[in-house]
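Notes follow the structure.
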Protein chains: 2
Amino acid sequence: MRRTQPAPAFPSPGHDHAPCLKETLKRASDAFEANGLRLTPLRRRVLEEVAGSHHAVGAYEILERLSQKERTRMAPISVYRALDALLEMGVVHRLESRNAYFACHAAHGKHGARQIVLACERCAMVAEIATPAAFEAIDGAARGTGFAPTRVMVEVAGLCTSCAASPQ
Amino acid sequence: MRRTQPAPAFPSPGHDHAPCLKETLKRASDAFEANGLRLTPLRRRVLEEVAGSHHAVGAYEILERLSQKERTRMAPISVYRALDALLEMGVVHRLESRNAYFACHAAHGKHGARQIVLACERCAMVAEIATPAAFEAIDGAARGTGFAPTRVMVEVAGLCTSCAASPQ
DNA sequence: GTTCTATGGGTACAATATAACACTATTCGC
DNA sequence: GCGAATAGTGTTATATTGTACCCATAGAAC
Ligand SMILES: [Zn+2]
Ligand SMILES: [Zn+2]
Ligand SMILES: [Zn+2]
Ligand SMILES: [Zn+2]
């Protein structure tokens, strides 16, 4: 169970993603169980679509992929309900600035949800990184005005390493 | 032109909003002119709706208000086009986490768009506050991964002073 | 005048998300 | 086992948010 390397925020496009996916599924399963709920087949299939890469995907894209793979016609609401459950468990996050969803591949149970989100404008790849100093500054500034924060969203749009390097 | 007091981040609900509105309209007019564009009647009307308070409003809410006031039936696209122009000029911002729009009442030409957004979950009141330390931490963390940021969005959901004080 | 850009009216449509209702599956207490 | 409570899903329809496309007008540039 040793980690030879801390996973980079943006894994290379050709990296072996199987471990990422497996770990995420495991965390999901544990999270549901810890809350007396279940990672049902539907939820698992939706999660597999989202967690199949480090990219943000739209709800309707998930819907289409599942409908193709399984030759069924699911209703949007089914996907949204599964997503809601996964969001609730914290294994999927919503990219607010793009109405999209991405799997939490970062083990950030420790910091709560306090990670900033980096999202590539070109390829939609997403990375979360812990940035305590940022959240402390934000909390302090907010409280200084009398505001009582309940949730902090930090999303950074830009170019990921791969896209910044590639032409165009 | 002296300011007796720095405006509080969350002005009291009963404050005299006329100066806020006037100043925002002036900045808008200047910004359009500086870019060789015009604060047309349509754009001005849309801005007046948005800047009429410190609250975030939806595009369709703007549409309905204008349609009522002017007894016309505008198309959504007209409002969105005006909003796009106002966003471009930086006199209106988009609250990404709520698909809503709010006027920039903060004079933050100086810091670029580098202010964090506090948005009340109950009343939708919005305030922007400069928080250089947060943006520095975010920039640093992002660049440290090889990510090239182009836009940073910080939105804090919670309760504003008034709502936190009032029961329920 | 001709040309270019900015502006926006009008129609239809795309993309994202939820409401309402019925039904099945699982758990829990007894 | 049995009934009640809760979790989970299917089905249908609808709500909310945002654009594509085509064309008409106004003003500035040349
Ligand atoms: Zn991976
Ligand atoms: Zn990229
Ligand atoms: Zn005001
Ligand atoms: Zn409030």
Side-chain angles (χ1 to χ4, degrees), chain A residues 28-29 31-50 55-67 70-89 91-102 119 124 155, chain B residues 28-29 31-50 55-67 70-89 91-102 119 124 155:
Chain A
S29 179
F32 276 105
E33 191 169 1
N35 285 273
L37 303 177
R38 286 169 299 146
L39 178 57
T40 62
L42 173 61
R43 290 171 180 173
R44 186 183 185 92
R45 270 143 50 205
V46 169
L47 177 56
E48 282 171 350
E49 287 306 320
V50 179
H55 297 252
V57 296
Y60 278 75
E61 194 177 340
I62 298 168
L63 177 62
E64 283 174 24
R65 288 188 198 167
L66 287 180
S67 296
E70 313 184 354
R71 303 189 177 290
T72 68
R73 341 162 233 107
M74 294 178 56
I77 185 71
S78 293
V79 172
Y80 279 105
R81 280 195 287 228
L83 282 174
D84 284 344
L86 295 166
L87 288 165
E88 189 70 24
M89 289 303 112
V91 293
V92 162
H93 303 309
R94 184 182 151 86
L95 189 60
E96 302 286 354
S97 55
R98 299 181 48 164
N99 298 333
Y101 305 83
F102 62 96
E155 293 181 5
Chain B
S29 179
F32 276 105
E33 191 169 1
N35 285 273
L37 303 177
R38 285 170 299 147
L39 178 57
T40 62
L42 173 60
R43 290 170 180 173
R44 185 184 185 92
R45 270 143 49 205
V46 169
L47 177 56
E48 282 171 349
E49 287 307 319
V50 179
H55 297 253
V57 296
Y60 278 74
E61 194 177 341
I62 298 168
L63 177 62
E64 282 173 24
R65 288 188 198 168
L66 287 180
S67 296
E70 313 185 356
R71 303 189 178 290
T72 67
R73 344 161 229 107
M74 293 178 57
I77 186 69
S78 293
V79 172
Y80 279 104
R81 280 194 288 229
L83 282 175
D84 284 344
L86 295 166
L87 288 166
E88 188 70 23
M89 288 303 109
V91 293
V92 162
H93 304 309
R94 183 181 151 88
L95 190 58
E96 302 287 351
S97 54
R98 298 180 51 164
N99 299 333
Y101 304 84
F102 63 96
E155 295 180 6

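Just so we're on the same page: letters track the sequence lines, and every chain starts at 1.
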Can you tell me which nucleotide in D:dG10, C:dA17, C:dG9 comes closest to the side chain of B:Leu42? C:dG9
Distance test, side-chain N/O of B:Ser78 to OP1/OP2 of C:dG10, below 4.0 Å: no
To the nearest angstrom, how far is B:Leu83 atom CG from D:dT16 atom P? 18 Å
Counting the atoms with a prime plus P, OP1 and OP2 as sugar-phosphate, which does B:Tyr101 contact under 4.0 Å by heavy atoms, base, sugar-phosphate, or nothing? sugar-phosphate
Rounded to whole Å, please give me the gap between CZ in B:Arg38 and C1' in D:dA26. 7 Å
Work out which heavy atom in B:Ala28 is nearest to a heavy atom in B:Leu39; give both atom names and the distance. CB-CD2, 4.1 Å
Please give, in whole Å, the distance from D:dA7 C1' to A:Glu88 CD? 14 Å
Between B:Ile77 and A:Glu61, whichever has its closest DNA chain C nucleotide further toward 5' is B:Ile77
Could A:Glu49 and A:Arg45 be called an ion pair, given the rule that one side-chain N must be under 4.0 Å from one carboxylate O? no
Looking only at N and O atoms, is any donor in the side chain of A:Tyr60 or the base of C:dA17 less than 3.5 Å from an acceptor on the other one? yes
Give a yes/no on whether any side-chain N or O of B:Thr40 is located under 4.0 angstrom from OP1 or OP2 of C:dG8. yes
If you look at every heavy atom in A:Ala85 and A:Arg43, which pair is closest and at what distance? CB-NE, 3.5 Å
Between B:Arg94 and B:Arg81, the residue closer to the 5' end of DNA chain D by nearest nucleotide is B:Arg94
Round to a whole Å and report the spacing from CD of B:Glu64 to P of D:dA15. 13 Å
From CG of B:Leu86 across to P of C:dA6 the rounded distance in Å is 16 Å
B:Ser67 (side chain) donor-acceptor with B:Leu63 (main chain) under 3.5 angstrom: yes
Could you tell me the separation between the CZ atom of A:Arg45 and the C1' atom of D:dT9, rounded to a whole number of Å? 11 Å
Examine the side chains of B:Ser97 and A:Glu96 and answer whether a donor and an acceptor come within less than 3.5 Å of each other. no
Figure out the OH/P separation between A:Tyr80 and C:dA17, and round it to whole Å. 4 Å
In terms of the nearest nucleotide of DNA chain C, which residue is placed more toward the 5' end: B:Arg43 or A:Asn99? B:Arg43
Value in whole Å for how far the C1' atom of C:dT27 lies from CG of A:Leu37: 12 Å
